[in-house]
Amino acid sequence: MEDQKPEDFKRELGLLDGTMLVVGSMIGSGIFIVSADIARQVGSAGWLILIWLISGLITIIAAVSYGELSAMFPKAGGQYVYLKEAYNKLIAFLYGWSFFAVIQTGTIAAVGVGFSKFAAYLVPPLSDENILYEIGSFKLNAAQIVSIITIILLTYINSRGVKNSKIMQTVLTVIKILSLFGLIIFGFILAAKAEIWNANWTNAFSSRAFNTESGSWMPIGGTALLTGISAAMVGSLFSSDAWVGVTFIAGEIKNPKRNVGLSLFLGTFIVTIIYILTNLMYLAVIPLDEIATAKSDRVAVVASQYTFGDMGTIIIAVMIMISTFACNNGLIMAGARVYYTMAKDGLFFKKAAVLNDASVPAWALWIQCVWASILCLTGKYGDLLDFVIIIVLIFYILTIYGIFILRKKMPDVERPYKAFGYPFLPFLYIIVASAICISLLLTKFSTCGWGVLIMLTGIPVYYMTKPKE
């Protein structure tokens with residue numbers, strides 16, 4: 001009985017919609033902010049670009065590897081389904097549990113906080129310094145309220161059907177891409193200075209770390225450099241994440257066997273190019289010391305002020321508000337499909353498996369909304385990132401290893417698309433991502449450790465809630 005209505009979803013999304021969902025979900029506020037932290041950790045232009053390049057390349061490798069899985073299992077639920085098929089229901093449940101508890105909702109909260117950070121530029125009373133209510137150590141600020149309102153509004157729009165959110169996603173993402181290219185081009189034309197560019201590239205790979213307390217640089221090498229690189233990659237990997245969302249809505253994509261894999265590749269490729277160009281523009285316009293010490297890490301604001309003068313701040317604030325709004329729309333739309341698929345398997349609240357009149361899992365959307373809103377009240381942007389990225393990487397590693405398992409387990413299943421560079425590239429991804437995970441656990445245990453603990457608490461929950469076979 002469980003599968004009597006597998007195609008309740010309407011297939012209303014084409015290749016452009018899929019690609020725009022990938023691009024729109026990936027580009028949030030990260031590219032405008034995290035280059036400051038990367039510059040502080042590694043202290044040179046060469047390393048800054050290399051970290052963005054490595055993050056982009058391993059993201060593209062992961063995305064094209066997922067293409068094989070998305071063509072084999074072209075239905076709603078994406079990564080959750082791949083893990084269930086490659087391993088078992090427990091691993092799939094741990095992913096779904098972590099996805100609901102931290103990954104998707106934590107990302108939605110972080111992006112919501114990013115939105116409010118820049119809304120406060122236009123309307124200062126909306127800032128996180130405006131404390132509205134205080135009880136004990138808990139402080140409720142205006143920025144948190146703004147984040148929560150945007151999450152509720154986007155959840156409502158998504159609950160009205162996929163068509164509205166699809167149109168909004170595509171329009172906002174096109175505006176976002178064009179405005180980023182505008183910032184890059186105008187930056188190079190109006191503000192780039194040969195002396196700044198040359199000074200930034202003089203010692204392109206002499207690594208150093210910035211001490212925020214003393215305001216001075218210290219040379220680093222060996223393990224200190226490796227620590228710096230892995231800490232720096234949290235931001236660039238987070239900025240390059242969320243591409244997987246298109247696999248969750250495979251049930252609503254036309255010709256999913258072709259279009260899901262293709263939109264994964266096109267989306268991650270476009271974003272990687274944009275990110276590298278944006279950082280090259282930063283290096284042509286801003287001295288490296290200013291990138292590292294940008295107020296509230298808002299590097300893009302500094303670049304825009306050099307380019308457009310005082311108007312620059314407003315231009316960037318509006319751009320980032322559009323960017324984060326579109327990003328959260330994509331995240332909210334995609335996330336609910338995972339809870340829907342889990343509920344179909346009896347591993348989530350039953351009501352999450354019900355579609356409303358508009359053929360969308362409204363109950364799943366609203367429960368996601370409530371938990372993401374609670375997370376908005378708990379954490380700072382940076383802590384939310386550390387929480388999320390370690391678990392995301394662990395499940396990416398497991399999923400990509402799942403390609404090797406499924407080649408043995410299901411050798412005869414039709415594979416309309418095969419993982420590019422198999423077995424070398426998927427294996428390379430596993431090695432690089434594992435090294436980053438180990439390094440993160442060693443260097444940021446206080447936040448990443450909590451992320452792993454939340455994931456592991458899913459094991460007893462699974463056995464307590466598992467339907468009796």
Side-chain angles (χ1 to χ4, degrees), residues 1-13 17-18 21-22 24-25 70 73-84 89 92-93 95-109 111-112 150-169 242 244-254 256 260 326-375 458 461 465 467:
M1 290 299 285
E2 195 181 311
D3 289 319
Q4 69 188 34
K5 293 195 291 182
E7 292 299 345
D8 296 356
F9 286 120
K10 294 178 186 166
R11 293 199 181 273
E12 291 186 350
L13 307 171
D17 302 312
L21 181 79
V22 175
S25 301
S70 70
F73 309 110
K75 51 189 180 211
Q79 193 167 354
Y80 166 80
V81 175
Y82 313 155
L83 288 163
K84 187 175 74 175
K89 274 193 171 178
F93 174 79
Y95 171 70
W97 163 263
S98 309
F99 186 83
F100 177 72
V102 181
I103 297 174
Q104 199 74 351
T105 46
T107 306
I108 290 168
V111 174
T150 60
I151 293 168
I152 292 170
L153 174 65
L154 285 166
T155 302
Y156 173 74
I157 292 168
N158 272 282
S159 71
R160 307 312 305 149
V162 78
K163 209 167 200 163
N164 299 340
S165 43
K166 160 189 115 165
I167 295 164
M168 183 169 78
Q169 185 68 33
V244 74
V246 73
T247 69
F248 304 147
I249 58 160
E252 288 145 285
I253 288 191
K254 299 167 193 165
V260 175
C327 178
N328 252 355
N329 182 56
L331 293 168
I332 287 166
M333 186 199 307
R337 274 63 180 173
V338 177
Y339 322 131
Y340 166 84
T341 311
M342 287 176 72
K344 283 273 191 201
D345 288 342
L347 296 175
F348 199 70
F349 302 108
K350 272 200 183 74
K351 284 186 177 168
V354 179
L355 298 181
N356 69 2
D357 298 340
S359 297
V360 291
W363 197 88
L365 279 163
W366 286 110
I367 186 99
Q368 170 181 264
C369 171
V370 169
W371 184 241
S373 300
I374 291 168
L375 290 181
V461 175
T465 57

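Across every non-hydrogen atom of N356 and A362, the tightest pair is ND2-CB, 3.4 Å. The heavy-atom pair separating G245 from A334 by the smallest distance is O-CB, 3.5 Å. Residue L355 comes nearest to P361 through the heavy atom pair CD2-N, 3.5 Å, listed as atom of the first residue, atom of the second, then distance. S70 and V260 get closest at one heavy-atom pair: CB-CG1, 3.4 Å. A372 and I108 make their closest contact through CB-CG2, 3.9 Å (heavy atoms, listed as atom of the first residue, atom of the second, distance).
Atoms CG and CD1, on L365 and I151 in that order, are 12.5 Å from each other to the nearest 0.5 Å. Atom OG in S159 sits 9.5 Å away from atom CG in N164 (nearest 0.5 Å). Atom CD1 of residue I249 and atom CZ of residue R11 lie 10.5 Å apart, to the nearest 0.5 angstrom. Atoms CD1 and OG1, on I332 and T150 in that order, are 7.0 Å from each other to the nearest 0.5 Å. Taken from CE in M333 to OG1 in T155, the straight-line distance is 12.0 Å, to the nearest 0.5 Å.
When the side-chain contact (heavy atoms from CB on, under 4.5 Å) test is applied to S25, the partners found at least two apart in sequence or on another chain are L21, A242.
Under 4.0 Å is where a charged nitrogen must lie from a carboxylate oxygen, and between K84 and D345 at least one such pair does.
Side-chain atoms of S165 and N329 include no donor-acceptor pair closer than 3.5 Å.
Looking only at side-chain heavy atoms (C-beta outward), L154 and M168 come within less than 4.5 Å of each other. Proximity of V338 to Q104: side-chain heavy atoms (C-beta onward) are nowhere separated by under 4.5 Å.
Only one option out of Y80, Y82, F73, F99 pairs with F248 in a ring-ring contact (aromatic ring centres under 6.0 Å, His included); it is F99. Results of the ring-ring contact (aromatic ring centres under 6.0 Å, His included) test with F100 over F349, F93, F348 single out F348 as the only residue that passes.
Formation of a donor-acceptor pair under 3.5 Å by the E12 side chain with backbone atoms of I253 is not found in this model. Remark: the backbone N or O of D17 is not paired with any side-chain donor or acceptor of Q169 at under 3.5 angstrom.
Screening residues 363-374 for side-chain hydrogen bond (donor to acceptor under 3.5 Å, both in side chains) gives Y339-Q368 as the qualifying pairs, with residues at least two apart or on separate chains. The salt bridge (Lys or Arg N to Asp or Glu O under 4.0 Å) analysis of residues 330-340, with sequence neighbours excluded, yields the pairs E252-R337.
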